[in-house]
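Worksheet: one structure, shown below.
Quick note: residue numbers are just sequence positions, from 1. Atom set for the values below is all heavy atoms of this structure, side chains included, hydrogens, waters and symmetry mates excluded. Just so you know, these numbers come straight off a predicted model, no measurement behind them. Counting convention: from 1, in listed order, for ligands and their atoms alike.
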Amino acid sequence: MVSPESMADIAHLNGMRLPARGEHFLRIDSESALVDALSWAADRDVAITVIGEGSNTVMHPLVQGLVLEMAIPGLKVMDDDGTRLLVRAAAGENWHSFVLWAAERGFHGLENLALIPGTVGAAPVQNIGAYGFELASRVRSVYCYDRVLEEFKTLSAADCHFGYRDSIFKRTDGAHYIIVAVDFQLDRNAIPVVTYPELKQALGQGPYGAVEILEEVVNLRRAKLPDPANLPNVGSFFKNPAVPLPVAESMKVNWPLMPQYPSAGETVKLSAAWMIDYLGWRDATHEGAIGIYRDHALIMVNHGAGSAAGVLNLATKIMQSVENEFQIALEIEPSLIGLPAA
Ligand SMILES: Cc1cc2nc3c(=O)[nH]c(=O)nc-3n(C[C@H](O)[C@H](O)[C@H](O)COP(=O)(O)OP(=O)(O)OC[C@H]3O[C@@H](n4cnc5c(N)ncnc54)[C@H](O)[C@@H]3O)c2cc1C
């Protein structure tokens, strides 16, 4: 087995580009390399941290233990009945490249999720979603390594307990799974999902198909979101809070301009961006270089010399101000690696 690198610079593997080192670090490009790395860590009793491209993480300057970058490649059609297909994508594939690869072959169903940064392997972790669509509706199963049973295992979509930016992989009962590949149910005749008002408006009267949707999603995202390569960020920093219907009704009375979105069950999602903007946080720089993006109040950005402590301080202040004004507890979306919860 290749020996892990000590005190490796992993700043390129966290979306905020904060200074970060891994005590031990390995890039994993095969299933056998993964098994060897886990056995190396077990022999030394060191903790494991799994990352993809780090686009949804905020890291401690020194991540203890063994950091594994999941870089296993591979895209394969497993089954094809002429209309519907089962496609396996390995964890290390770049998500947007996979969406393009599928769309170019006429394998449709993932267009609304185009240009989301990161890897295929991380996509089920928070059940990535955008423009009225969530990954879960196209996942047939997730192929993982079970660190407790020390074996590879297939989880059905139901086993993954997908929810809004949530899955078993984010919870303690699923933390022992490392995602190795994801099986997607795609469809040459997939019905486009254009429920999201902004997308609907951009597409106009049509006619439009999967290709036009993909192009429009890419245009909308490029116009709205800062490119992490130019202005480091992790996308939405807070989840939109879901509240019971009666709470949403009373919020409507007090803050009639606050957008509300339909949600699962008897709940309604409130716009975290609107609340943060209302409280004046947008386009302000705090804690040195850490600030809120001028065009989108849900996005925290690093203007250059930011630190993990600065990110957490600003997050705490925003959460407290939202709690004071709206009595709503915001929840941080990215994974905090080696850091205390804000
Ligand atoms: C500009 C921008 C826009 C974004 N837009 C969206 C959006 O519209 N919708 C959305 O849902 N998200 C969005 N995100 C968040 C991010 O793109 C997704 O969460 C993405 O899936 C992260 O992929 P990654 O490979 O970078 O994961 P990482 O950041 O490396 O990891 C994220 C989490 O997944 C875990 N993980 C990673 N790989 C594996 C694996 N193989 N097995 C088990 N656990 C693993 C990590 O431990 C960590 O907890 C955005 C981010 C940015 C920067």
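Judged purely by atom type and a 3.5 angstrom limit, N14 has no side-chain atom pairing as donor or acceptor with the backbone of A20. A donor-acceptor contact shorter than 3.5 Å links the side chain of Y164 to the backbone of N240.
In terms of N/O distances under 3.5 Å, ligand 1 is approached by E53. On a distance-only criterion, N127 and ligand 1 share no N/O pair closer than 3.5 Å. Residue I128 has no nitrogen or oxygen atom sitting less than 3.5 Å from a nitrogen or oxygen atom of ligand 1, judged on distance alone.
For atom 45 (C) of ligand 1, the closest non-hydrogen atom on the protein side is V125 CG2, 3.8 Å. Among all non-hydrogen protein atoms, the one lying nearest atom 51 (C) of ligand 1 is V234 O, 3.4 Å. The shortest contact between atom 20 (C) of ligand 1 and any protein heavy atom is with P117 O, 3.3 Å. Closest to atom 25 (O) of ligand 1 among all protein heavy atoms lies T119 OG1, 2.7 Å. The closest protein non-hydrogen atom to atom 47 (O) of ligand 1 is V50 O, 2.5 Å. Atom 18 (C) of ligand 1 has Q126 NE2, 3.6 Å as its closest protein atom, hydrogens excluded (heavy atom only). Looking only at heavy atoms of the protein, atom 4 (C) of ligand 1 is closest to R221 NH2, 3.4 Å. For atom 42 (N) of ligand 1, the closest heavy atom belonging to the protein is I179 N, 2.8 Å.
If you check each of P226, A122, G129 against atom 37 (C) of ligand 1, the one with the closest non-hydrogen atom is A122. Of all the listed residues (G235, A229, P334, A114), G235 holds the heavy atom that lies closest to atom 2 (C) of ligand 1. The closest non-hydrogen atom to atom 30 (O) of ligand 1, taken over G118, P232, A71, G52, comes from G52.
Annotation for L18 and G306: closest pair CD2-O, 3.5 Å, computed over non-hydrogen atoms. When every heavy atom of Y177 is checked against every heavy atom of D146, the shortest pair comes out as CE2-OD2, 3.7 Å. Between G304 and A289, the closest heavy-atom pair is N-CB, 3.9 Å. Of all heavy-atom pairs between I179 and A91, the closest is O-CB, 3.3 Å.
In this structure, the separation between CE on M275 and CG on L298 is 10.0 Å, given to the nearest 0.5 Å. For the atom pair CD (E134) and CG (N127), the distance works out to 4.5 Å, reported to the nearest 0.5 Å. The structure places CD of E323 at 8.5 Å from CG of L330, a figure rounded to the nearest 0.5 Å.
Within the 4.0 Å heavy-atom criterion, neither part of K170 lies near ligand 1. With a heavy-atom cut-off of 4.0 Å, M70 touches ligand 1 through its side chain alone. The proximity of S335 to ligand 1, defined as any non-hydrogen pair under 4.0 Å, is limited to the side chain. Proximity of N233 to ligand 1, defined as any heavy-atom pair under 4.0 Å, is shared by backbone and side chain alike.
Screening R88, R140, R138, K76 for a salt bridge (charged side-chain N to carboxylate O under 4.0 Å, His left out) with D183, the sole residue that qualifies is R88.
Near I178, the atoms of ligand 1 lying under 4.0 angstrom from a non-hydrogen atom of the residue are 42 (N). Listed by number with element, the atoms of ligand 1 under 4.0 angstrom from any heavy atom of P228 are 1 (C), 53 (C). Ligand 1 places these atoms under 4.0 Å from at least one heavy atom of A130: 8 (O). Here is the list of ligand 1 atoms found below 4.0 Å of a heavy atom in T57: 28 (P), 29 (O), 31 (O).
In summary, D79 and R84 do not engage in a salt bridge, as defined by a charged side-chain N under 4.0 Å from a carboxylate O. Salt bridge present: K224 and E198 bring a charged side-chain N and a carboxylate O closer than 4.0 Å.
The distance between the ring centers of F107 and F184 does not fall below 6.0 angstrom.
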